[in-house]
Amino acid sequence: MNIHDLLNKDSIFLPLESGSREEIIRKMAAGLQASGAVTDLEQYVQAVLAREQQSSTGIGFGVAIPHGKSAGVAKASLSFARLSAPADWESLDDEPVSMVFMIAVPEENVGNEHLKILVALSRKLIHEEFRQQLLNAKSVDEVIEIVKSI
Amino acid sequence: MKKLLAVTACPTGIAHTYMAAESLQKSAAEKNVPIKVETRGAMGVENELSPQEIAEAHAIIIAADTDVLEERFAGKPVIKVPVAHGIKRPGELIDQALAKQPSAPSAAPAGRAKTEEKETGSGNSIYKNLMNGVSNMLPLVVAGGLIIALSFIFGLKPAEGTFGFQLLTIGKAAMGLMVPILAGFISFSIAGKLGLAPGLVGGMLSTQIGGGFLGGIIAGFLAGYVAKGLIKYLKLPKIMEGLKPVLLIPLLSVLIVGLLMIYVIGDPLKWLMDGLTSWLLTMGSANAIILGAVLGAMMAIDMGGPFNKTAYTFATGLLASSLFGPMAAVMAAGMTPPLGIWLATVLAPKKFTKEEREAGKVASVLGLSFITEGAIPFGAADPLRMIPAFMIGSGVAGALSMAFGVGLHAPHGGIFVLAIPNAIDNILWYVLAIAVGTIVTALCVNLFKRNKAVA
């Protein structure tokens with residue numbers, strides 16, 4: 001599976017109006033619903049929030065990677081948002097978040113595909129130039145091009 | 001060229017483990033320093049450091065918030081920081097690691113010294129894996145044993161549905177989990193999360209095929225190395241890689257361990273038990289004292305394994321023919337290992353850890369209740385020294401019981417049988433036989449056991 005196959009134009013936000021952690025998650029989930037990946041919005045959002053409850057997915061460097069596995073997801077998919085203003089995410093480094101990658105995985109998904117996506121993303125996000133490119137991306141197509149590099 | 005190693009791990013094992021790894025690799029590449037990073041996360045252990053690599057490394061960076069089996073790095077310079085530092089300050093960590101002085105003087109005989117180090121290293125890790133199983137098993141032995149002992153208060157043969165019967169059921173459930181947990185956590189210690197399933201199943205099968213706790217130890221190591229081997233050597237096309245940890249490794253490891261336990265370990269065990277039974281039958285008419293000693297030693301050698309089961313079954317079988325001597329010998333011999341352990345901890349407390357001394361107190365109650373399993377945590381932790389001690393003491397107890405002409409009419413019950421009128425012939429001699437067996441066991445345990453300080 002390639003990561004960029006999971007990205008749909010409907011679920012890329014440049015920018016997304018900032019807000020609370022839950023508001024951001026809800027808006028991005030709505031994008032995934034619009035793209036057809038998420039079928040039951042509320043169920044999926046609850047899964048993502050439950051994961052945030054365990055420990056924040058704010059991984060530092062101004063990036064968060066919320067994710068959820070739920071029966072409300074029809075196919076594995078990815079949403080990306082650049083926030084209009086940094087938002088608090090209770091991150092590892094206490095820095096606010098300005099970019100969010102959100103992952104949706106169907107409940108019956110066999111395998112650890114979503115883990116692999118998260119791992120590949122986590123590794124990539126360490127690289128300054130990757131983050132910088134995403135911050136500077138001017139169009140949705142450009143974001144897809146950048147993510148293709150993973 | 002100084003080579004560095006690193007290990008990264010975090011509690012959830014998803015993002016931070018891999019970010020820290022990437023961060024260290026990136027920074028090392030910028031500094032032109034060779035580094036290998038082991039990740040211990042949700043995908044299991046990847047890129048595992050070999051003993052050879054550890055031996056050759058200049059220093060090791062641990063960026064982890066969970067256990068990463070640090071004992072491997074004994075004697076090497078180690079820098080230990082939270083995983084967050086691995087992500088945020090890789091450059092500093094690498095500079096610190098490079099600045100470390102190698103702790104072992106690299107003189108001419110370094111080659112030999114290195115191999116020696118490696119041997120003790122692997123010895124320690126076998127011990128560590130074993131102890132991981134034993135320490136997780138211990139609560140089950142304590143709870144199960146004490147609850148079974150408690151049930152005896154309500155009678156030795158509680159009727160179905162009574163409170164005593166329910167206590168017995170609870171106790172037996174805890175005892176039944178003992179060997180699976182022992183095997184499961186030995187395997188877990190070797191191979192990580194993916195080792196647990198085959199270890200548990202292997203331990204369960206050991207119980208079912210009569211392998212007892214020694215079979216459980218074998219199952220645990222078998223499962224651990226099978227799982228570890230699969231993680232390392234099972235190569236799949238990328239598209240199927242995701243199936244590996246969730247489907248293929250669990251399926252294959254459980255299947256391989258299960259088949260090995262049944263066909264490679266189980267069948268010979270059955271032949272062994274059949275052979276032992278016919279051997280005991282031919283001995284029955286020979287010398288009673290020798291029979292008592294043999295039965296006693298068999299009770300102690302594996303405490304629930306094939307020898308123990310054969311001896312016990314043999315003795316209970318003879319009850320039906322109104323031969324009560326062997327039953328008495330078997331029960332005496334089954335009581336002395338835990339009683340002896342208790343006495344040993346009382347006589348030489350300095351040889352035991354605090355935890356062991358506490359376990360010793362519990363063992364006394366289990367011993368009095370004829371729950372031989374009370375000695376298993378001690379036997380499993382150091383089989384080569386402890387089991388001979390148990391065997392000698394139990395052999396003495398069994399032989400004396402036969403020599404004194406003691407007869408026992410009930411197949412279990414420990415000290416509780418003493419209270420039942422006419423259950424035991426020559427009761428005072430019986431107490432003496434058990435007491436002598438206990439003392440002999442304790443003396444042997446303390447004689448064989450290495451001092452804590454030396455170990």
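Within every chain, numbering begins at 1; the chains are lettered A, B, ... in the order of the sequence lines, protein sequences first and strands thereafter.
The two residues B:R72 and B:L69 have their closest heavy-atom pair at NE-O, 3.0 Å. Closest non-hydrogen pair, B:G224 versus B:A191, comes out as O-CB, 3.4 Å. When every heavy atom of B:A20 is checked against every heavy atom of B:V83, the shortest pair comes out as CB-CG2, 3.8 Å.
Cation-pi geometry between B:K88 and A:F61 is met: under 6.0 angstrom from the ring centre, within 45 degrees of the axis.
Within a 6.0 Å sphere centred on CE of B:M204, other residues, nucleotides and ligands contribute 12 heavy atoms or fewer. Within 6.0 Å of atom CD in A:Q53, 12 or fewer heavy atoms from other residues, nucleotides or ligands are found, so the atom counts as exposed in its surroundings.
With sequence neighbours excluded, the residues that form a side-chain contact (heavy atoms from CB on, under 4.5 Å) with A:E95 are A:D93.
For B:I87, the parts lying under 4.5 angstrom from a heavy atom of chain A are both the backbone and the side chain. Only the side chain of A:I65 comes within contact range of chain B, with at least one heavy atom under 4.5 Å from a heavy atom of that chain.
At a heavy-atom separation below 4.5 angstrom, chain B is approached by no residue within residues 17-43 of chain A.
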